[in-house]
Amino acid sequence: MVSTSPPLADALAAGPVVLDGGLSNELEAAGHDLSDALWSARLLAEEPEAVVRAHQTYYEAGAQVAITSSYQATFEGFARRGVGREEAAALLARSVELAREAAGRARAGGAAAPLYVAASAGPYGAMLADGSEYRGRYGLSVAELERFHRPRLEALAAAGPDVLALETVPDSDEAQALVRAVRGLGVPAYLSYSVAGGRTRAGQPLEAAFATAADVDEIIAVGVNCCAPDDADEAVRLATRVTGKPVVVYPNSGESWDAEARAWRGSPAFGADRVTGWAADGARLIGGCCRVGPESIAELAALLGR
């Protein structure tokens with residue numbers, strides 16, 4: 001199913017657009033065990049209907065963009081499970097198709113159009129499933145990272161999403177690789193860093209990290225995700241100033257992920273009311289990441305008049 005919505009870039013130019021929340025929230029709430037190296041990508045093959053229902057819940061809560069379950073879906077990761085390249089490509093495409101199916105169901109149920117699909121491409125460390133996605137600096141060159149990302153991005157782009165979500169990027173070197181890898185694919189992308197304390201997770205200054213995408217036509221929005229809400233505030237202002245592009249922002253609930261224990265620690269700090277500040281500072285693609293559920297997205301959408 002092909003999108004009939006106006007281009008996402010046009011929607012962003014007109015005003016804020018609501019992203020969904022954490023897909024894993026809904027899947028775990030429905031009883032699915034995601035303690036797996038493939039995370040939600042495992043369900044692409046095993047329980048695709050569960051993925052559709054989770055996306056649909058967010059659309060019905062007021063999200064205008066659903067991020068696919070392909071964050072940890074890679075050719076290398078699937079190969080470790082004995083999944084061949086052709087089947088892996090089909091599963092990547094399926095992630096987009098399932099989100100489109102959810103959008104169609106949501107429209108049939110009365111959800112307001114337009115609704116969009118963002119095809120998720122997580123960082124190299126997400127494939128390793130060892131917590132290195134929150135550190136970066138994998139010991140690979142920009143060229144090596146580009147070779148890793150390009151085939152997956154090609155497969156996702158071929159499925160016809162509205163945008164490629166280059167998300168949770170911990171390292172400006174990896175961002176350079178991703179920016180190279182999306183060239184010529186014919187699908188726009190947004191670039192979103194995971195940050196801490198005003199720097200990338202790898203410790204690089206955010207100003208230089210955002211500048212990586214400032215003059216790249218394929219990148220229609222730049223910003224941050226999978227970070228503490230407090231860290232998002234200044235990052236939004238900085239991304240607006242450095243790039244002049246619409247800003248994407250979707251932080252976590254405020255709890256922190258303990259990669260060793262595979263558990264969340266701390267207390268939530270995400271408040272939907274702070275999104276008005278982000279919008280005033282230049283954010284146009286706004287939602288939540290880990291531990292931010294449909295209730296918060298509904299509040300956010302109402303505040304933004306969506």
Side-chain angles (χ1 to χ4, degrees), residues 1-27 29-30 32 40-41 43-44 47-71 73 90-121 156-165 167 186-190 220-221 225 246 248-250 272 275 279 283-289 292-306:
M1 185 189 301
V2 178
S3 174
T4 58
S5 301
L8 180 58
D10 292 351
L12 295 178
V17 174
V18 180
L19 270 170
D20 61 6
L23 183 64
S24 61
N25 281 69
E26 279 306 289
L27 293 171
H32 299 285
S40 58
L43 301 183
L44 288 171
E47 298 187 72
E49 177 60 23
V51 177
V52 175
R53 288 196 300 268
H55 286 316
Q56 184 178 349
T57 297
Y58 278 113
Y59 280 131
E60 291 174 345
Q64 297 164 271
V65 183
I67 302 173
T68 64
S69 56
S70 52
Y71 175 79
L91 290 172
L92 285 161
R94 181 179 293 178
S95 72
V96 175
E97 294 160 4
L98 297 179
R100 288 269 183 242
E101 173 65 22
R105 293 186 193 181
R107 287 193 192 96
L115 300 177
Y116 299 93
V117 172
S120 173
L156 289 169
D162 297 291
V163 67
L164 295 165
E167 59 175 351
V187 177
Y190 72 72
I220 61 171
N225 76 289
V248 55
V249 56
Y250 52 116
V275 305
R284 291 295 176 267
L285 194 53
I286 307 174
C289 199
V292 177
E295 299 82 4
S296 294
I297 296 303
E299 293 174 19
L300 186 158
L303 281 167
L304 293 176
R306 294 297 183 263

Partner set under side-chain contact (heavy atoms from CB on, under 4.5 Å) for S120, not counting sequence neighbours: I67, T68, S70, Y71, E167

If we check side chain to side chain contact (heavy atoms under 4.5 Å, CB included) with L285, which of these qualifies: V17, N225, V249? V17

List in chain and number order the residues that pass side-chain contact (heavy atoms from CB on, under 4.5 Å) with A103, two or more places apart in sequence or in another chain; answer none if no residue qualifies. Y59, R107, L115

Among residues at least two apart in sequence or on other chains, which ones pass side-chain contact (heavy atoms from CB on, under 4.5 Å) with A54? L23, E26, L27

Donor-acceptor pair, side chain of Y116 and main chain of L19, under 3.5 angstrom: no

Which atoms form the tightest heavy-atom contact between L156 and A121, and what is the distance? CD1-CB, 4.4 Å

R100 side-chain N/O to G160 backbone N/O, donor-acceptor pair under 3.5 Å: yes

Rounded to the nearest 0.5 Å, how far does CG of L164 lie from CD1 of I220? 9.5 Å

Quick one: list whatever passes side-chain contact (heavy atoms from CB on, under 4.5 Å) with A301, sequence neighbours left out. V18, R306

Quick one: does R284's side chain have a donor or acceptor within less than 3.5 Å of a partner on V248's backbone? no

To the nearest 0.5 angstrom, please state how far the CD1 atom of I286 sits from the CD atom of Q64. 10.5 Å

Looking at CG of D20 and OG of S296, how far apart are the two atoms once the value is rounded to the nearest 0.5 Å? 12.5 Å

If every non-hydrogen atom of L300 is compared with every non-hydrogen atom of G287, which pair is closest and at what distance? CD1-CA, 3.9 Å

Minimum-distance pair of heavy atoms, taken over all atoms of R94 and L44: NH1-O, 2.8 Å

Give a yes or no on whether the backbone of A118 and the side-chain of D162 come within a donor-acceptor separation of less than 3.5 Å. no

Here the pair of heavy atoms bringing Y58 nearest to N25 is OH-CB, 3.8 Å

Point-to-point distance, once rounded to the nearest 0.5 Å, from CD of E101 to CD of E49: 7.5 Å

Atom of H55, atom of A99 and distance for their closest heavy-atom approach: CD2-CA, 3.7 Å

Heavy atoms of L304 and P16 approach each other most closely as CD1-CB, 4.1 Å

